[in-house]
Amino acid sequence: MNRRKWRLVFGGAALTLWLQSACAADDEAVAQAFAQHARYLAELAVRYEHGEGMPRDASHAAALYCEAARLGDAEAMHALGWMYANGRGLERNDEYAGTLFAMAAFLGNTQSERLMRFTGPYTGATPDCLLTPPELLLAESRVDDVIDALPPERQRVARLLVQHAGEYGIQPRFALAIALTESNLNPAALSPKSAMGVMQLIPETAERFNVKRPYDAEENIKGGLAYLRWLLAYFRGDIALVAAGYNAGEGAVDKYRGVPPYPETKMYVQRILSFVRHQSHPYDARVVAPSAAFPAVLAAGDTL
């Protein structure tokens, strides 16, 4: 299955279709349209999975389920998780199944909630079919063009993000890449790991950067930007390491002396790099001492 991506955000429609929409309808109408399309895909997947009125094709059924799951359909998440958990038409993968069951359970699917105990601890591992192709992030577009293509409410959040990015020494394109990948600029987003808001701050990070109201868009953005500023100083401007640290924690990056071997994190880093189109970013060396795990990186010297 070589389809698209979704980063465990439950804010509604996928960025891909948002950017392709006319943006004239309000968010509720757009979300309803996405939900209807996702349901259609999931129902079609059932027919392919069981050979109802068409040849049985488990691989195609899985691809359809995954696309519907990426668009937020809980039943499709459950069905694809079941296929992974049982090796039905797919190579068995309990980590993928656990992620999909967690996603579906978060959206109220009680069957998935019961099955989560059989797939082991949640790891966040994500099938490639849930990952949005990097080109759909409009990597060659100007930041303003990307923002203008968003629905009005998301534009407001994006402009707030860009407004504050300079205050923290973060290039707008990098800040936007992180926020789009984390939550599609949804201030109400909540992940199974309790990551909250626009910048998907986990409770520990919110406390660390003094974010008292994680669902307040502006406060959440400032907390996320403060963390990015810290990571840039810690990893001396290496965007791949900073992105990996934002996704998996700087401790994991130090432990593996590079991008951790987590599928989710590797895809996350690829998305950020494809959007930003640069390997390094200016940083303020005064913010924090550099990581001791990367002498080669540190040898490049300080900036700002």
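Heavy atoms only: backbone and side chains are in, while hydrogens, waters and symmetry mates are out.
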Under 4.0 Å between a Lys/Arg side-chain N and an Asp/Glu carboxylate O for Arg39 and Glu75? yes
Pairs flagged by salt bridge (charged side-chain N to carboxylate O under 4.0 Å, His left out) wherever residues 44-55 is involved - sequence neighbours left out: none
May I ask you to test the Tyr227-Lys222 pair for a side-chain heavy-atom distance under 4.5 Å? no
Looking just at side-chain N and O atoms, do Tyr234 and Asp254 make a donor-acceptor pair shorter than 3.5 Å? yes
Any salt bridge between Asp148 and Arg159, counting N to O under 4.0 Å? yes
Check for me whether Arg56 meets the cation-pi criterion with Tyr48, that is, NZ or CZ under 6.0 Å from the six-membered ring centre and within 45 degrees of the ring axis. no
Non-neighbouring partners of Glu207 that pass salt bridge (Lys or Arg N to Asp or Glu O under 4.0 Å), sequence neighbours left out: none
My understanding is that only one of Ile221, Asn220, Asp216 makes a side-chain contact (heavy atoms from CB on, under 4.5 Å) with Glu218; could you say which? Asp216
Any non-hydrogen side-chain atom of Glu250 less than 4.5 Å from a side-chain atom of Trp230? yes
Salt bridge flag under 4.0 Å for residues Glu67 and Arg70: yes
Measure up the His78 and Phe101 rings against each other and bin them: parallel (under 30°), tilted (30 to 60°), perpendicular (over 60°). tilted
Between Tyr262 and Glu95, do the side chains contain a donor N or O and an acceptor N or O under 3.5 Å apart? no
Between Asp94 and Arg92, is there a side-chain N and carboxylate O pair less than 4.0 Å apart? yes
